[in-house]
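Contents: one structure, followed by commentary.
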Amino acid sequence: MTDSDDLRRRLAAAVPVGDPAWRTALETVPRELFVGDGLFRFDGRHWIPLHRDRTDPAEWLRLVHQDTTWVTQVDGIAAADATAPVTGRPTSSSTLPSLIVRMLDLARIGDGDKVLEIGTGTGYSTAILCARLGDENVYSIEYDPHLAAAAAEHIHSAGHHPTLLTGDGLAGHRDGAEYDHIVATCAVRHIPPAWLHQVPDGGTVTAAVGGWLPASGLVRLTVHDDGTATGRFHTDQISYMLARPHERPPRPTFHKNPGRTRSTRVQPALLEDWTGQFLAQLAAPSAELMTTGTDVILVDVATGSQAWTELAGVGWTVHQHGPLQLWGPGGRRPHHLAERGLTHAVRLRHDGGGERHPTGLARQPRRAVLEPARLRPAYGSAAFHSLEGGTNRGRGVRHWVAPTTLEW
């Protein structure tokens, strides 16, 4: 047995799986083929390139077979082409194997199923799908033409020939539909309607829904024959790169504006908590989070509104400027959600049809809807205020419409 074979076996044995067939697939696919000739390591400030031809072969194999996400491209610069440390945001990576298997397990993919993968990336997860399902049942689409070409080489060198496409994965691939499952290896700000139209009754869509704060919620939706899709967010704290069309657009350099001020005793650091970030993101879907030591800054990319905090005695002063009150009336939106630290707070539903929703909101075909589900305050509070700042004693949450077509 070669070193690579042994390392794959050890990696597969260490990764938790629900379906043992995915462990077999991990043992089959040589990960070193998909990392290519370089990877990046982050030192806290810069991305440091590490090149295969300058690394001991045994050490290189050991690195790439760790259950770790290896960044292979930063702002379009491939690690193999980088000659010095770079700054920027990752734009491609080889996802850690345990997360790949978790997504595929969650989707409940079985033998013979036909799968559309959104985001080919390096091609590693595509090859794992092929090893389990057969090449003829795997479709994968990549937005970046250069990544798509490299991924095709990687996948073919591993002996697989699935249907590989280059284009906007948010539109799916209508010519190959229908698919038993759609799995996204990138995060999205909302579930694209095209995905639901390309999955039959009983099929699934599995994706990470996130934004610019930037926590994501992992959800699996089951599509029904009445045009709806239902599912629940899961507790996994995962991080995927946003789909390119969903990335934050450029914005001007931030400058603090004193604006309107008020006091609060809610700790700004709560927005650094994963649950706090995710729920606050639902309340302000176009907001971006920045931190400055013990304080936080929220900037709404769509309107330019801002909210920022500064320490004031035993509490903090909140400054708000712009048409959108990011901190909210009375300091409750969206930060009040983070204060409650809710877990399993919402479920995602896709409505079809043209009738009026019981809440009075018009339904839209294949539209994403968030509803309260088993609200459980993590810090023992029985009260839950609405996003508008008042108390809804009936259901505990009031509905609202967000720019991303998500409704709470």
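In this structure, the side chain of R8 does not engage the main chain of D3 through any donor-acceptor pair within 3.5 Å. A donor-acceptor contact shorter than 3.5 Å links the side chain of Q306 to the backbone of H255. When atom types are taken as modelled, the side chain of H160 and the backbone of H156 share no donor-acceptor pair closer than 3.5 angstrom. At distances below 3.5 Å, at least one donor-acceptor pair connects side-chain atoms of H51 with backbone N or O atoms of A79. In this structure, S305 contributes its side chain and L324 its backbone to a donor-acceptor pair below 3.5 Å.
A donor-acceptor contact closer than 3.5 angstrom links the side chains of H65 and E32. For H319 and E310, the side-chain atoms include at least one donor-acceptor pair closer than 3.5 Å. Side-chain atoms of S94 and R31 form a donor-acceptor pair, as typed in the model, at a separation below 3.5 Å. In this structure, a donor-acceptor pair under 3.5 Å is present between the side chains of E117 and T126. Side-chain contact annotation: T230 with H224, donor-acceptor N/O pair under 3.5 Å present. Between the side chains of H161 and D135, no donor N or O sits under 3.5 Å from an acceptor N or O.
Nearest heavy-atom pair across W308 and N257 is NE1-O, 3.0 Å.
Contacts of W195 classified as side-chain hydrogen bond (donor to acceptor under 3.5 Å, both in side chains), with partners at least two apart in sequence or in another chain: none.
Under the 30°/60° scheme for interplanar angles, the aromatic rings of W47 and F40 are found to stand perpendicular.
When each of V188, I141, I191 is tested with L170 by the rule side-chain contact (heavy atoms from CB on, under 4.5 Å), just one qualifies, namely V188. When each of T72, V64, T122 is checked for a side-chain contact (heavy atoms from CB on, under 4.5 Å) with F34, only T122 meets the rule.
Between E178 and K114, no side-chain nitrogen of the basic residue sits less than 4.0 Å from a carboxylate oxygen of the acidic one, so the salt-bridge criterion is not met. A salt bridge is defined here as a Lys NZ or Arg NE, NH1 or NH2 lying under 4.0 Å from an Asp or Glu carboxylate O, and R10 with D6 meets this definition.
M241 is not listed as a side-chain neighbour of E247, based on a closest heavy-atom distance of 4.5 Å or more. Here the side chains of M103 and L218 are in contact, with some heavy-atom distance below 4.5 Å. A heavy-atom distance below 4.5 Å is not found between the side chains of V223 and D201. Between T317 and T309, every side-chain heavy-atom pair lies at or beyond the 4.5 Å cut-off. No side-chain heavy atom of E142 sits under 4.5 Å from any side-chain heavy atom of T166.
The side-chain tip of R132 points at the ring of W22 from less than 6.0 angstrom away and within 45° of straight on.
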